[in-house]
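Reviewing the structure listed below.
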Amino acid sequence: MMKLTGFFRKTLKAALLVVLMAGCNKEPCLDMPLIERLSQELQTWYVTDTASMVFLITDSHGISQSLVADKPWRHVMEGHVTDDCGQQSPSYNFSMQYTTSVSPLHFMVDIRGAAPGYGGYVIEISWMRTLDNWGGQKAIYDLETGRSKSDEAQCQVVSHFECAGLTYPTVLQVEYNGLDFPSAVSKLWFAKEIGIVAYEDGSGNRYERQPAGT
């Protein structure tokens, strides 16, 4: 009888071990080639044109003002994500801000990336008015899907965008939705490595960044 009881005990332990092992689903391994491709693409959008952080912008009526940029900030966190296969993936963060000298506008740019499922790779550009404390919208562009992730704006990458006599080869074009006010920002263009090169208000007045030395 003791031998039979011991047999059942061993069988029960084995059954419990099988159940526990079945319940511990191994997470899928990180797609390292995809992560590497998206990480490299993300960093090509960082603003590297920082020789001057004060730019002249001119609107459709020929009126000029300054667009002042804060010094860009960047950070890499190694080993942000570790999978069950022993692979590690970093996260990337880049941010900068712009303000206008006359019209009370504040633009915020955040370019950040982490493995898909842990934040993804996005470019986020938002705006707000600083004096009357109203307005403000956020655009989020997903590099992996090539589509917008925010209902507040539509984003697409365009080629050969012309602005103030210059042609920019790769530009993120943002069209903000929902605020039908003349002083609201309706469109914005952000050039790869250059930053904000133009924006347009609700009345159709376009503000263009002028070439250095003008």
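All values below were derived from every heavy atom in this structure, side-chain atoms included, with hydrogens, water molecules and symmetry-related copies excluded.
- Ring centroid separation for the pair Tyr199 and Phe107 comes in under the 6.0 Å cut-off.
- Within the 4.5 Å cutoff, no side-chain heavy atoms of Pro116 are placed close to those of Asp31.
- Val157 is connected to Tyr176 through a chain of hydrophobic side-chain contacts under 4.5 Å among Ile, Leu, Val, Met, Phe, Trp and Tyr, so both are in one cluster.
- By the 4.5 Å heavy-atom criterion applied to side chains, Arg129 and Leu105 are counted as neighbours.
- Within the 4.5 Å cutoff, the side chain of Pro72 has heavy atoms near those of the Met53 side chain.
- Across Phe161 and Cys163, no two heavy atoms sit closer than the pair CE2-CB, 3.6 Å.
- With a 4.5 Å cut-off on side-chain heavy atoms, Tyr46 and Ile111 count as touching.
- The closest side-chain heavy-atom distance from Trp127 to Leu188 is not below 4.5 Å.
- A distance-only check finds a donor-acceptor pair linking the side chain of Glu208 to the backbone of Ala164 [under 3.5 Å].
- Under the 4.5 angstrom side-chain criterion for Ile, Leu, Val, Met, Phe, Trp and Tyr, the cluster partners of Val68 are Val54.
- Between Glu41 and Lys192, at least one side-chain N (NZ, or NE/NH1/NH2) sits under 4.0 Å from a carboxylate O, which counts as a salt bridge.
- Between Met108 and Met128, the closest side-chain pair of non-hydrogen atoms falls below 4.5 Å.
- Contact record, Tyr121 with Ser39: OH-OG, 3.3 Å, taken as the closest heavy-atom pair.
- Between Phe55 and Ile196, the closest side-chain pair of non-hydrogen atoms is not below 4.5 Å.
- With sequence neighbours excluded, the residues satisfying salt bridge (Lys or Arg N to Asp or Glu O under 4.0 Å) with Glu124 are Arg112, Lys138.
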side-chain hydrogen bond (donor to acceptor under 3.5 Å, both in side chains) assessment of Asn205 paired with Ser203: CA-CA 6 Å; Asn205 190 13; Ser203 66; 5.4 Å; no

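- Residues Thr99 and Thr130 are not in side-chain contact: their nearest non-hydrogen atoms beyond the backbone lie 4.5 Å or more apart.
- Between Ser89 and the choices Ile35, Asp83, Thr82, the side-chain contact (heavy atoms from CB on, under 4.5 Å) rule is met once, by Ile35.
- For the pair Arg209 and Trp189, the NZ or CZ position fails the cation-pi test of under 6.0 Å to the six-membered ring centre and within 45 degrees of the ring normal.
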